[in-house]
Amino acid sequence: MSYKQLENAMSISKVLSANDTGETGGHQAGMLIPKTGGVLSFFPLLEKDEKNPRASLKFIDSSNDEWKFMFIYYNNKFFNGTRNEFRLTGMTKFIRQNNLKAGDKIILSCERDGTRTIKHERAKTEETKNVLKLGSSWKVVKI
DNA sequence: AGCCATGCACCG
DNA sequence: CGGTGCATGGCT
């Protein structure tokens, strides 16, 4: 009797930063993966004893297209350098095709059969929605 | 911890 | 030769 059913159909999401989408001029080719929030458990375990280990992952989007991303652990901090972070690279085409901008969200899911899917969520840019004008110079005065 | 930025290698 | 992506350093 085992109780392991947590690894089924999990999904994570990441809000794109300007640098992730390339808007800052950086040629990043992908996005940073936060080390916190349990996000890492979505990805395969990488060999931390070797430098910059990586895993190629296949994702299916909503139109059933297949995408190949590279999950890389830049860990040269434990070798020569200063890096200690995870990245998902090779996403430029996907970002462009869907016209994703900073603030938009990427949702990655993992089905029970191991299939990984990718979705995106447009940021709600209704910035002036809650700026309800109430005639602030008027107020009720009791006499 | 996460985001920004860049030199260089590679490929069209 | 210019765009793209990797790897890496720097800055907040």
Side-chain angles (χ1 to χ4, degrees), chain A residues 1-140:
Chain A
M1 296 125 210
S2 56
Y3 294 83
K4 39 172 47 180
Q5 29 186 247
L6 282 175
E7 39 202 1
N8 287 340
M10 72 172 295
S11 63
I12 61 172
S13 68
K14 167 79 163 62
V15 176
L16 264 31
S17 70
N19 201 40
D20 288 335
T21 59
E23 291 174 68
T24 57
H27 21 240
Q28 203 60 45
M31 65 182 187
L32 174 96
I33 304 296
K35 293 198 285 298
T36 54
V39 175
L40 285 180
S41 52
F42 173 86
F43 294 99
L45 241 54
L46 294 177
E47 189 54 64
K48 27 195 185 308
D49 294 333
E50 81 182 63
K51 185 180 176 181
N52 296 354
R54 65 204 57 210
S56 183
L57 299 177
K58 189 177 64 176
F59 290 90
I60 309 293
D61 70 8
S62 44
S63 15
N64 249 313
D65 280 332
E66 190 174 306
W67 298 89
K68 204 84 168 180
F69 300 141
M70 196 65 83
F71 177 57
I72 310 180
Y73 181 23
Y74 287 104
N75 64 347
N76 70 17
K77 175 172 193 173
F78 308 117
F79 297 88
N80 291 318
T82 58
R83 292 304 98 190
N84 179 27
E85 62 195 37
F86 295 85
R87 280 222 186 79
L88 197 61
T89 71
M91 304 184 66
T92 305
K93 266 176 297 175
F94 181 83
I95 289 174
R96 282 187 186 170
Q97 171 171 313
N98 297 292
N99 264 301
L100 298 180
K101 295 292 191 299
D104 292 343
K105 197 188 299 183
I106 296 261
I107 302 116
L108 303 174
S109 306
C110 190
E111 312 296 332
R112 281 190 293 263
D113 60 2
T115 304
R116 292 169 207 274
T117 60
I118 182 169
K119 289 181 292 192
H120 59 90
E121 195 172 283
R122 208 77 180 168
K124 310 172 187 175
T125 53
E126 340 219 353
E127 44 230 50
T128 50
K129 194 87 176 271
N130 51 359
V131 195
L132 209 46
K133 288 198 167 186
L134 283 182
S136 50
S137 54
W138 288 87
K139 44 180 97 170
V140 176

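Note that the structure is predicted; figures quoted are calculated from it, not measured.
Between the side chain of A:Asp113 and the backbone N or O of A:Thr115 there is at least one donor-acceptor pair closer than 3.5 Å. Between the side chain of A:Asn75 and the backbone N or O of A:Asn52, at least one donor-acceptor pair lies under 3.5 Å.
Here the closest non-hydrogen pair linking A:Pro34 and A:Val39 is O-CB, 3.8 Å. Nearest heavy-atom pair, A:Ser109 versus A:Lys119, reported as atom, atom and distance to 0.1 Å: OG-CE, 4.4 Å.
Partner A:Phe86 forms a ring-ring contact (aromatic ring centres under 6.0 Å, His included) with one of A:Tyr74, A:Phe71, A:Phe43 and no other, that one being A:Phe71.
Around the NZ atom of A:Lys48, the shell of radius 6.0 Å holds no more than 12 heavy atoms that belong to other residues, nucleotides or ligands.
Using a 4.0 Å cut-off between a side-chain N of Lys or Arg and a carboxylate O of Asp or Glu, A:Glu66 and A:Lys68 do not qualify as a salt bridge.
Partners of A:Phe42 under the ring pair (Phe, Tyr, Trp, His ring centres under 6.0 Å) rule, at least two apart in sequence or in another chain, do not exist in this structure.
When DNA chain B is scanned in the 5' to 3' direction for atoms under 4.0 Å from non-hydrogen atoms of chain A, the outermost contacting nucleotides are B:dA1 to B:dG7.
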> If the sugar-phosphate is the primed atoms plus P, OP1 and OP2 and the base is the rest, what is the B/S/- string for nucleotides 5-12 of chain C, using protein heavy atoms under 4.0 Å?
Replying inline: BBBBBB--
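If you find the closest nucleotide of DNA chain B to A:Gly25 and to A:Lys14, the one lying nearer the 5' end belongs to A:Lys14.
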